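Working notes, structure below.
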Number of protein chains: 2
Amino acid sequence: MARKSASPPGRERILDAAEKLFAKRGFYGVSLRDITQAAGVDVALVGYHFGGKRALFDAVFGRRAEVLNRERLELLNEIRLQARPGTPSLEAIVHAFTYPLLERSARGGPGWKSYFALVAYVNNSPEFGPALMSQHFDSLVARFIAVLREALPDVPPQEIYWGYHFLTGALTLTFAETGRIDKLSESLIRATDLDSVLERLAPYVAGGFRALAARAAAKASSPRAARRRRPGKTASRKLPAPGPQGS
Amino acid sequence: MARKSASPPGRERILDAAEKLFAKRGFYGVSLRDITQAAGVDVALVGYHFGGKRALFDAVFGRRAEVLNRERLELLNEIRLQARPGTPSLEAIVHAFTYPLLERSARGGPGWKSYFALVAYVNNSPEFGPALMSQHFDSLVARFIAVLREALPDVPPQEIYWGYHFLTGALTLTFAETGRIDKLSESLIRATDLDSVLERLAPYVAGGFRALAARAAAKASSPRAARRRRPGKTASRKLPAPGPQGS
DNA sequence: GTCTATATGGAGATAGAC
DNA sequence: GTCTATCTCCATATAGAC
């Protein structure tokens with residue numbers, strides 16, 4: 001199990017430094033010179049080990065993904081066994097989905113912290129998001145969604161996908177830890193307080209799923225009135241004159 | 001009202017081109033040459049009109065923010081009047097917060113579409129997020145949160161801030177329209193279908209707020225048992241051996 | 001307000017010695 | 001596996017003509 005145990009070889013040091021810098025400033029905000037200088041190695045090593053900047057980025061993103069997915073899958077199977085012969089609660093499912101991530105971001109060390117900030121960047125990027133997130137996480141996500149569907153058997157699948165979409169948005173903004181919420185709340189809460197997120201995200205999302213389920217059921221029972229029912233008069237309100245033109 | 005009515009002057013054309021490109025690839029992924037070439041003007045004009053690249057970025061971000069905030073504030077006041085002497089429903093408050101944004105992203109034209117993708121980028125950026133989001137949106141957000149607190153009088157303020165945090169994460173990932181959810185759902189839903197988001201986000205978030213409220217109430221009534229209550233056995237589960245080290 | 005021309009620095013990539 | 005040296009290209013910024 002133990003290798004040389006000295007300081008990590010150049011390849012790993014490049015990955016660590018790249019992870020930290022990509023997380024802070026994105027793919028284009030960092031040069032290979034920044035990265036290799038932080039890693040204490042020569043620029044040319046990136047070409048040797050990875051092939052180029054983009055390939056390095058992919059390697060950074062992929063490195064920790066499999067570890068996480070294995071762990072999350074184990075946790076998912078665990079709660080399914082515990083819930084037998086029924087299905088786990090929505091809270092338990094969402095918890096199994098988010099706990100390994102939040103736990104590592106909170107206490108996994110700075111490398112993990114950077115990694116999750118990088119995930120926040122990638123998930124919200126039109127350029128990198130679909131390819132990288134799908135490649136590394138969709139097979140796991142599909143399993144979670146399957147369990148959510150078992151737990152909400154009468155809910156149309158679209159609702160589950162929308163509910164997941166909102167969940168991943170809330171989760172990845174959390175990972176970014178921008179500190180905006182600290183200022184907004186006058187330091188009443190802190191973006192770095194992931195234990196508070198861990199306690200709240202599962203109930204919040206479960207409540208959201210139940211609301212979507214109720215909405216879909218109501219709509220199915222009286223499809224005619226459904227369009228006018230929900231948010232009252234403001235639903236189809238016209239907007240005033242456009243500001244800067246939409247060109 | 002009508003100015004020259006011909007093609008917009010250089011300054012505006014730079015803003016439009018910059019908006020589109022910054023939205024796609026972020027601040028560092030775009031050069032002033034890319035922008036001015038797309039705008040059909042000379043590179044030097046950026047210096048003349050804005051001072052530099054970063055100042056141009058700020059100008060792009062600020063341009064549409066005030067329009068939106070005025071509109072959202074009007075809508076908020078409208079629903080408050082309608083609800084008198086009570087307070088608006090959670091659904092109505094969240095709807096007023098999100099409707100002007102989703103409506104413009106859906107039907108405001110490509111400029112607005114790009115703008116919201118840029119907001120997604122900025123909101124999740126540790127570098128730009130806190131400064132730019134706070135500067136342009138926090139005063140409005142504070143008003144919304146005040147109304148949410150009126151609507152949830154017995155709920156501790158922290159819960160409202162966390163609920164808002166999750167909301168803005170879900171909303172801005174929606175703006176990014178990365179298309180990841182299309183693939184995941186096998187095209188059952190589409191990231192570009194903002195009308196579906198408009199119907200679902202307010203109930204989802206309202207359900208989330210209610211769940212946080214219930215959780216806080218339960219915790220207040222029996223603070224002793226609270227730590228062990230929620231997500232069952234998995235809550236304090238230990239993680240297996242770390243993967244890549246957290247250095 | 002707009003363009004030409006240019007200053008100055010840094011980017012990614014790679015051939016080849018050790 | 002690692003470093004030196006260098007190629008080629010592109011970045012932002014600005015002085016000054018029109």
Side-chain angles (χ1 to χ4, degrees), chain A residues 2-61 63 118 121 125 127-128 132 244-245 247, chain B residues 2-61 63 118 121 125 127-128 132 244-245 247:
Chain A
R3 288 179 66 116
K4 279 257 272 321
S5 100
S7 93
R11 197 189 132 95
E12 293 297 309
R13 310 189 61 212
I14 292 172
L15 284 170
D16 290 341
E19 184 171 63
K20 180 174 169 182
L21 291 168
F22 283 144
K24 270 201 212 150
R25 319 220 310 162
F27 179 73
Y28 300 105
V30 180
S31 71
L32 293 181
R33 291 179 152 82
D34 295 335
I35 293 168
T36 51
Q37 190 183 333
V41 303
D42 194 89
V43 224
L45 281 190
V46 172
Y48 175 76
H49 284 298
F50 302 98
K53 189 184 182 184
R54 178 55 207 258
L56 169 60
F57 189 75
D58 292 350
V60 169
F61 193 80
R63 176 168 61 150
L118 182 63
Y121 167 77
S125 156
E127 187 174 11
F128 303 106
L132 285 183
Q245 89 207 45
S247 88
Chain B
R3 288 178 65 116
K4 277 260 266 329
S5 98
S7 91
R11 197 188 131 93
E12 293 298 309
R13 309 188 62 211
I14 292 172
L15 285 169
D16 289 341
E19 183 171 64
K20 180 174 168 182
L21 291 167
F22 283 144
K24 270 201 215 153
R25 317 220 311 162
F27 179 75
Y28 300 105
V30 179
S31 71
L32 293 182
R33 290 176 151 80
D34 295 336
I35 293 167
T36 50
Q37 191 183 334
V41 301
D42 195 90
V43 225
L45 281 190
V46 172
Y48 175 76
H49 284 299
F50 303 97
K53 188 184 182 184
R54 178 55 207 258
L56 168 60
F57 188 76
D58 291 350
V60 168
F61 193 80
R63 177 168 62 151
L118 182 63
Y121 168 76
S125 156
E127 188 174 10
F128 302 105
L132 284 183
Q245 91 208 46
S247 88

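All figures in this text were calculated on a predicted structure; none of them were measured in a lab. In what follows, chains carry the letters A, B, and so on, assigned in the order in which the sequence lines appear, proteins first and then strands, with residues in each chain numbered from 1.
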With the side chain of Asp42(A) defined as its heavy atoms from C-beta on, choose the nearest nucleotide among dC3(C), dC3(D), dG1(D). dC3(D)
OH of Tyr48(A) versus C1' of dG16(C): gap in Å, rounded? 14 Å
Grab the CG-P distance between Leu56(A) and dA13(C) for me, whole Å please. 10 Å
Which atom pair, heavy atoms only, marks the closest approach of Gly10(B) to Val41(B)? CA-CG1, 4.3 Å
Nearest-Å distance for atom pair OH/C1', residues Tyr28(B) and dG10(C): 15 Å
Hey, is NZ on Lys53(B) packed in by over 12 heavy atoms from elsewhere, all under 6.0 Å? yes
Would you mind reading off the distance between Asp34(A) atom CG and dG12(C) atom C1', rounded to a whole angstrom? 12 Å
Can you check the Arg33(A) CZ to dG9(C) C1' distance for me, whole Å? 11 Å
Please check if the distance between the ring centroids of Phe128(B) and Phe57(B) is under 6.0 Å. yes
Is it the case that dG1(C) (base atoms only) and Arg11(B) (side chain only) share a donor and an acceptor within less than 3.5 Å, ignoring hydrogens and angles? no
note: Leu45(A), atom CG; dT2(D), atom C1'; distance rounded to Å ~ 5 Å
Lys20(A) and Val60(A): side-chain contact (heavy atoms from CB on, under 4.5 Å), yes or no, with the steps? CA-CA 10 Å; Lys20(A) 180 174 169 182; Val60(A) 169; over 6 Å; no
What does Leu32(A) touch in the nucleic acid at a heavy-atom separation under 4.0 angstrom: a base, only the sugar-phosphate, or nothing? sugar-phosphate
Can the ring centres of Phe22(B) and Tyr121(B) be said to be less than 6.0 Å apart? no
Sugar-phosphate only, base, or nothing, as touched by Gly10(A) at under 4.0 Å among non-hydrogen atoms: sugar-phosphate
When you measure from the side chain of Ala44(B), which nucleotide among dA13(C), dA13(D), dA15(D) comes out closest? dA15(D)
Whole angstroms only, please: what is the CD1-C1' distance between Ile14(A) and dG1(D)? 10 Å
Residue met sooner reading DNA chain D from 5', once Val43(A) and His49(A) are mapped to nucleotides: His49(A)
Are Ser31(A) and dA11(C) close enough that a side-chain N or O sits under 4.0 Å from OP1 or OP2? yes
Whole Å only: how far is the CZ atom of Phe50(A) from the P atom of dG1(D)? 11 Å
